[in-house]
Chemist: 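Sharing a structure here in structure tokens format.
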Amino acid sequence: MFQANQTSITVFIFLGFSHDPKVEVIVFMLCLLMYIFTLLSNVILISITILDSHLHTPMYFFLSNLSFLDIWYTSSALTPMLANFVSGKNTISFSGCASQMYFSLATGSTECVLLSMMAYDRYVAICNPLRYPIIVNRRVCVLIAAGSWVTGCLTALVETVAVLQLSFCGNSIINHFTCEILAILKLACVDTSMVQLIMLVISALLLPMPLLLICTSYVFILSSIQRVRSEDGQSKAFSTCAAHLTVVVLFYGTALSMYLKPSEVNSQEIDKFMALVYAGLTPMLNPIIYSLRNKEVKVAVKTLLVKNPFNTALISTLK
């Protein structure tokens, strides 16, 4: 599909964060710790939602999808960088760069849609609780998740094909630590206005529109919560909504600052930092945010640990 560019460029070279070896070691250690923690915490969260029947609900079904997306996104963005540091090379093949760009865009775009659908789930659960099991049934959950994945994968394919069909005139040095689409776009030696228009349209569909849906959902949710007389009911509703809102702010905050910033704002170092937050920090924090104040998850963890007699000490720390 990308034969025209492969005849001139077969390998891309990453500049990374710094030429200082000490800085590179620090960045490597931070990224490695973030990646390991992200992998373990999200795998644990997925395992708990599968093994504990009490968590077989729409909210945890969507949360499992979110964790799976975070694992894929972090792996696609950070794993090549970590491998390059260990091998001493800062290169990636053309096809490898295309794959990395596609999977990063696909998982990120899917998460945009999924977060808005999770807001809709909370809206129905809080504002229309009696009909919640009927409206958000298993079939609807599967359709919502599948729709999120299909939307993310298709939009990512359009963007990836559009960028990699450009001519780079031999420019192969990427001022980044990953094949981030904006960094690749800067290598092009031809007019990129059409590609930028495509990216703008897709970004507008995947960022402001889902965010508007989330905000609208929470306006109705907050209005409904205020009418709840029970303090326990209000506390539980606020707890689940606060976790989702925190994840939304982290995800959309970094995404909007990266892809919808003014064109005159051009600092590659800031872009690298935001990309690192987007790829490493946010996926790492998501399972923590959803677990810290979630009694159901804590109970599920304790229940699973009880089945293992060697974990009594760990159980006591969770109390």
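These values consider heavy atoms only, across backbone and side chains, with no hydrogens, waters or symmetry-generated copies. Fair warning: this is a prediction, and the values are worked out from it, not measured in the lab. Residue numbers count from 1 along this sequence.
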Chemist: Sub-3.5 Å donor-acceptor pair from the side chain of S223 to the main-chain atoms of V219, do we have one?
Modeler: no
Chemist: Under 3.5 Å, side chain of S224 to main-chain N/O of F220, donor-acceptor pair present?
Modeler: no
Chemist: Could you tell me the separation between the CG atom of L205 and the OG1 atom of T155, rounded to the nearest 0.5 Å?
Modeler: 9.0 Å
Chemist: Let me confirm one number: the CD1-CG distance from I46 to N65, rounded to the nearest 0.5 Å.
Modeler: 8.5 Å
Chemist: In chain order, what residues pass the ring pair (Phe, Tyr, Trp, His ring centres under 6.0 Å) check against F103, with sequence neighbours excluded?
Modeler: W72
Chemist: Are I135 and I221 connected, step by step, through hydrophobic side chains (Ile, Leu, Val, Met, Phe, Trp, Tyr) whose heavy atoms are closer than 4.5 Å?
Modeler: yes
Chemist: Does any part of the side chain of F177, heavy atoms only, come nearer than 4.5 Å to the side chain of N84, both counted from C-beta?
Modeler: no
Chemist: Which one of I144, L69, V113 satisfies the side-chain contact (heavy atoms from CB on, under 4.5 Å) criterion with W149?
Modeler: L69
Chemist: Under a 4.5 Å side-chain heavy-atom rule over Ile, Leu, Val, Met, Phe, Trp and Tyr, are V190 and F12 clustered together?
Modeler: yes
Chemist: Carefully, step by step, assess V247 and M118 under the rule side chain to side chain contact (heavy atoms under 4.5 Å, CB included).
Modeler: CA-CA 11 Å; V247 171; M118 290 174 73; over 6 Å; no
Chemist: Heavy-atom distance under 4.5 Å between the side chains of L33 and M284, does that happen here?
Modeler: no
Chemist: Under 3.5 Å, is there a donor-acceptor pair between the side chain of S93 and the main chain of G96?
Modeler: yes
Chemist: Fit a plane to each ring of F28 and F85, take the angle between them on a 0 to 90° scale, and name the class: parallel (under 30°), tilted (30 to 60°) or perpendicular (over 60°).
Modeler: parallel
Chemist: Do side-chain atoms of T160 reach the backbone of L157 as a donor and acceptor pair under 3.5 angstrom?
Modeler: no
Chemist: Side chains of L197 and S193: closer than 4.5 Å at any heavy-atom pair?
Modeler: no
Chemist: On a heavy-atom basis, which atom in I184 and which in F168 lie closest, and how many Å separate them?
Modeler: O-CE2, 3.6 Å
Chemist: Spell out, as yes or no, whether a donor-acceptor pair under 3.5 Å connects the side chain of H244 to the backbone of L115.
Modeler: yes
Chemist: Who passes side chain to side chain contact (heavy atoms under 4.5 Å, CB included) against S53, sequence neighbours left out?
Modeler: H56
Chemist: Kindly indicate whether the side chain of R138, heavy atoms from C-beta on, has any atom under 4.5 Å from the side chain of F61.
Modeler: no
Chemist: Are L276 and C31 close enough, and set up right, to give a side chain to side chain contact (heavy atoms under 4.5 Å, CB included), and what steps lead you there?
Modeler: CA-CA 8 Å; L276 185 60; C31 290; 3.5 Å; yes
Chemist: Will you find, in the side chains of E180 and S104, an N or O donor that is under 3.5 Å from an N or O acceptor?
Modeler: no
Chemist: Check the hydrophobic clustering (I, L, V, M, F, W, Y; side-chain heavy atoms under 4.5 Å; chains of links allowed) and say if V86 and M29 are grouped together.
Modeler: yes
Chemist: Give a yes or no on whether the backbone of T38 and the side-chain of N42 come within a donor-acceptor separation of less than 3.5 Å.
Modeler: yes
Chemist: Can you check whether D121 reaches M59 side chain to side chain, under 4.5 Å on heavy atoms?
Modeler: yes
Chemist: Would you call S41 and I288 a side-chain contact if the rule is heavy atoms closer than 4.5 Å?
Modeler: no
Chemist: Should T74 and L39 be marked as a side chain to side chain contact (heavy atoms under 4.5 Å, CB included) after you check the CA-CA gap, both sets of side-chain angles, and the distance that decides it?
Modeler: CA-CA 8 Å; T74 306; L39 196 63; over 6 Å; no
Chemist: L15 versus I173: any side-chain heavy-atom pair under 4.5 Å?
Modeler: yes
Chemist: First locate atom CE of M34, then atom CG of L82, and finally report the distance between them rounded to the nearest 0.5 Å.
Modeler: 9.0 Å
Chemist: For residues T49 and S64, report the shortest heavy-atom separation together with the two atoms involved.
Modeler: OG1-OG, 2.6 Å
Chemist: When rounded to the nearest 0.5 angstrom, what is the spacing between CZ in F68 and OG1 in T107?
Modeler: 10.0 Å
Chemist: With the 4.5 Å side-chain cut-off for hydrophobic clustering, are L143 and M117 part of the same group?
Modeler: no
Chemist: Might you point out which heavy atoms bring C112 and P210 nearest each other, and give the distance in Å?
Modeler: O-CB, 3.8 Å
Chemist: For Y132, give me all partners under ring pair (Phe, Tyr, Trp, His ring centres under 6.0 Å), at least two apart in sequence or on another chain.
Modeler: none
Chemist: To the nearest 0.5 Å, what is the distance between CG on L45 and CG on N286?
Modeler: 9.5 Å
Chemist: D70 vs E111, test: side chain to side chain contact (heavy atoms under 4.5 Å, CB included). Steps then yes/no.
Modeler: CA-CA 8 Å; D70 286 339; E111 189 161 339; 3.1 Å; yes
Chemist: At what distance, to the nearest 0.5 angstrom, does CG of L222 lie from SG of C127?
Modeler: 9.0 Å
Chemist: So, do L281 and L250 sit near enough that their side-chain heavy atoms are less than 4.5 Å apart?
Modeler: no
Chemist: Does T282 use its side chain to pair, donor to acceptor, with the backbone of V277 at less than 3.5 Å?
Modeler: yes
Chemist: Work out which heavy atom in T110 is nearest to a heavy atom in C153; give both atom names and the distance.
Modeler: OG1-N, 4.2 Å
